[in-house]
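Data first, discussion second: the structure below is written as structure tokens.
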Amino acid sequence: MRETLLALTMLIATAASVCAQEPFPKDAAARIDVFPFETRTLSDPDFRAGNKAAASATTVAGVLRLPLSGGRVPVVVLLEGSGGIISNNDVWDRQLLSHGIATFTIDGFSPRGFVNLVADQSKLGLLNMIVDLYKGLGVLAKHQQIDSGRIAVMGFSRGGIIALYSAMRRFQTVWNDSGVTPAAYIPLYPFCNTELIDDTDVVGGPIRIFHGSADDYVSITPCQAYVKRLRDAGRDAQITALPDAYHAYDVPTLPSKPLLLPDAQKTDCLIIESKSGTLINKASGNPYSPADTCNGKGAHIGYSAEATRATEAAVLDLLGSVFKVK
């Protein structure tokens, strides 16, 4: 029996030695932790009004992936689109981890009982995940391996809206009690059709939007107009138009030939928030309604390797600058 245990011990030690000699993939996480945290669920009007009394407590979760490098590391918060956490999240995890940058993916859908919101966006307020983001920043601020001065926010589609409008001072003042001001905001193909009160008064690092020029799900044109207003106000904002790229162009499991989603909710409405907080259809001058004729259904999505590579290169260059990493 003793000889058998000795042989087993030697076998385990030998296997461990062999494994230790194998190179660890740079794009894999050295450690993965899941952090449940409390947030709030509320309507968009209540969020915009700062009505905290109307918010109900909700627990969501964030998945933190740490890179192989030691010490305190920078992190990018990844925010899901209407389809939930899908394959592009894994692509960005690997890209960022391979450069010594941690990722923190917030799941705001599953804990609320949603798989996705593609066919019905009304199930969750469009801006609600800004609260989730701010609460997630509080989790990261307390983590010993995270450098709270080097946190960026990146979102896709609906998550891109969160990444974009979370920079507004108006929302940060009311809802962000984390003590963290993001070092960069990186929205991919966000919806920019709503002109909010004080939306050019932003805080934190640069805003860099990436958008497909062929996107018929969420038009690039309102985002270009918003960036112009931000720049006219002296803000550090840029938008990159990716030629021939459709919505969700960085999702590698999609076909490169555009795929029609007949039930996808979309809008070409231009909306303005009035001083009273009412959303107004700019074309009609009347309160905005989902029944307005500028709303519709049906849009295309599709993968573009070229647009993805261009975005990856630009994002890594930006993060190298704001995080001061190679």
Side-chain angles (χ1 to χ4, degrees), residues 43-49 79 81-82 117-130 155-171 185-202 207-235 237-242 245-249 261-301:
S43 69
D44 277 346
D46 285 327
F47 172 79
R48 289 186 283 108
L79 301 167
S82 300
L117 300 175
V118 173
D120 188 358
Q121 300 283 348
S122 67
K123 290 181 178 179
L124 183 66
L126 197 60
L127 301 176
N128 197 142
M129 290 197 305
I130 294 180
F156 316 100
S157 192
R158 176 184 266 254
I161 300 170
I162 305 308
L164 183 60
Y165 292 111
S166 67
M168 288 175 54
R169 186 188 305 274
R170 166 188 170 191
F171 297 151
Y185 304 89
I186 310 169
L188 270 63
Y189 37 91
F191 174 86
C192 307
N193 293 44
T194 304
E195 185 174 327
L196 298 172
I197 294 172
D198 296 331
D199 63 3
T200 59
D201 185 7
V202 294
I207 296 171
R208 297 292 184 268
I209 301 175
F210 297 87
H211 214 306
S213 62
D215 196 326
D216 63 352
Y217 199 157
V218 176
S219 173
I220 189 175
T221 303
C223 289
Q224 291 171 323
Y226 183 32
V227 168
K228 183 180 185 305
R229 291 194 297 110
L230 285 166
R231 292 175 66 86
D232 288 346
R235 311 306 180 189
Q238 295 178 16
I239 184 167
T240 298
L242 297 150
Y246 284 81
H247 201 72
Y249 65 78
L261 295 180
D263 292 330
Q265 289 183 320
K266 66 174 187 177
T267 182
D268 292 321
C269 304
L270 296 178
I271 305 162
I272 299 176
E273 182 185 21
S274 70
K275 291 182 178 180
S276 66
T278 303
L279 296 183
I280 303 297
N281 184 324
K282 187 175 182 179
S284 68
N286 297 320
Y288 168 75
S289 165
D292 288 350
T293 56
C294 46
N295 296 310
K297 284 190 174 184
H300 294 84
I301 55 176

Whether the side chain of [X] engages the backbone of [Y] through a donor-acceptor N/O pair (distance < 3.5 Å, no angle test) should be reported.
{"X": "Lys266", "Y": "Gly298", "result": "yes"}
{"X": "Asp216", "Y": "His300", "result": "yes"}
{"X": "Tyr226", "Y": "Asp199", "result": "yes"}
{"X": "Glu273", "Y": "Leu279", "result": "no"}
{"X": "His211", "Y": "Pro190", "result": "yes"}
{"X": "Arg208", "Y": "Pro187", "result": "no"}
{"X": "Thr278", "Y": "Ser274", "result": "no"}

May I ask you to test the [X]-[Y] pair for a side-chain heavy-atom distance under 4.5 Å?
{"X": "Met129", "Y": "Leu124", "answer": "yes"}
{"X": "Ile209", "Y": "Tyr189", "answer": "no"}
{"X": "Phe210", "Y": "Leu242", "answer": "yes"}
{"X": "His247", "Y": "Ser157", "answer": "yes"}
{"X": "Leu188", "Y": "Tyr249", "answer": "yes"}
{"X": "Ile280", "Y": "Asn286", "answer": "no"}

Separation between [atom1] of [X] and [atom2] of [Y], rounded to the nearest 0.5 Å:
{"X": "Phe191", "Y": "Asp215", "atom1": "CZ", "atom2": "CG", "answer": "12.0 Å"}
{"X": "Thr194", "Y": "Lys282", "atom1": "OG1", "atom2": "NZ", "answer": "12.0 Å"}
{"X": "Leu127", "Y": "Arg158", "atom1": "CG", "atom2": "CZ", "answer": "9.0 Å"}
{"X": "Gln224", "Y": "Ser213", "atom1": "CD", "atom2": "OG", "answer": "9.0 Å"}
{"X": "Asp198", "Y": "Thr200", "atom1": "CG", "atom2": "OG1", "answer": "7.0 Å"}
{"X": "Arg231", "Y": "Ile239", "atom1": "CZ", "atom2": "CD1", "answer": "11.5 Å"}

SB check Asp44 Arg48 (cutoff 4.0 Å): no
Basic-acidic side-chain contact under 4.0 Å: Asp201, Arg169: yes
Salt bridge (charged side-chain N to carboxylate O under 4.0 Å, His left out) partner of Asp232, chosen from Lys228, Arg229, Arg235: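 Answer after filtering Lys228, Arg229, Arg235: Lys228.
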Polar side chain donor-acceptor pair, Asn281 to Asp292, under 3.5 angstrom: yes
Ring centroid separation Phe47 to Phe171 under 6.0 Å: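 Yes.
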What's the shortest heavy-atom distance between [X] and [Y], and which atoms?
{"X": "Leu164", "Y": "Cys192", "value": "CD2-SG, 3.7 Å"}
{"X": "Cys269", "Y": "Asn193", "value": "O-ND2, 2.9 Å"}
{"X": "Ala264", "Y": "Ala299", "value": "CB-N, 4.4 Å"}

Verdict with reasoning, Leu79 to Phe156, per side chain to side chain contact (heavy atoms under 4.5 Å, CB included): CA-CA 6 Å; Leu79 301 167; Phe156 316 100; 5.9 Å; no
Verdict with reasoning, Asn295 to Tyr288, per side-chain hydrogen bond (donor to acceptor under 3.5 Å, both in side chains): CA-CA 10 Å; Asn295 296 310; Tyr288 168 75; 3.0 Å; yes
Candidate pair Gln238 and Ile207, rule side chain to side chain contact (heavy atoms under 4.5 Å, CB included), full reasoning: CA-CA 6 Å; Gln238 295 178 16; Ile207 296 171; over 6 Å; no
